[in-house]
Amino acid sequence: MRAIVIATMLGLSLFAGAKATEGVKYVDISVTSEGFEPKSIDVTTGVPVILQVTRKTDDTCSQQIQIPSKNIKVDLPLNKAVKIDIGKLEKGQIRFGCGMNMMDGGKIYVK
Ligand SMILES: [Cu+2]
């Protein structure tokens, strides 16, 4: 009986440990003088997504990243990765761009 209780507790803790990291999709995005890279990102429906955005140049208008449909607008310090948790996504397309909402951004394709 005691062995079963311990095994169950072990099982639960292993499951909890896996759950914390399992299925989170990290997406690295850079801002260079060419704009956002990559400009096209594929993710899976229902999988939590965390963007890691690094601005690598001052030669850009994109000192912020904006995701209009998520009401997100975040400052991008030079050479410092910024994590943006955008959560689980529904099927479709999500546009992102600079803080001025110009068309020089990219798209996340949720499939
Ligand atoms: Cu711009």
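Counting convention: from 1, in listed order, for ligands and their atoms alike.
- Not one N or O on the side chain of S62 forms a donor-acceptor pair closer than 3.5 Å with the backbone of Q64.
- Side-chain atoms of R55 and L78, non-hydrogen and from C-beta on, do get closer than 4.5 Å to each other.
- For K56, the NZ atom sits in a loose shell: 12 or fewer heavy atoms of surrounding residues, nucleotides or ligands are nearer than 6.0 Å.
- Panel note: side chain T45, backbone K111; a donor-acceptor pair is recorded below 3.5 Å.
- Judged by distance alone, the side chain of Q66 and the main-chain N or O of G97 form no donor-acceptor pair under 3.5 Å.
- Protein atoms of type N/O/S that fall under 2.8 Å from the Cu ion (ligand 1) number 3 in this view.
- In the hydrophobic clustering of this structure, L89 does not group with I50; members are Ile, Leu, Val, Met, Phe, Trp, Tyr whose side-chain heavy atoms approach within less than 4.5 Å, directly or through other members.
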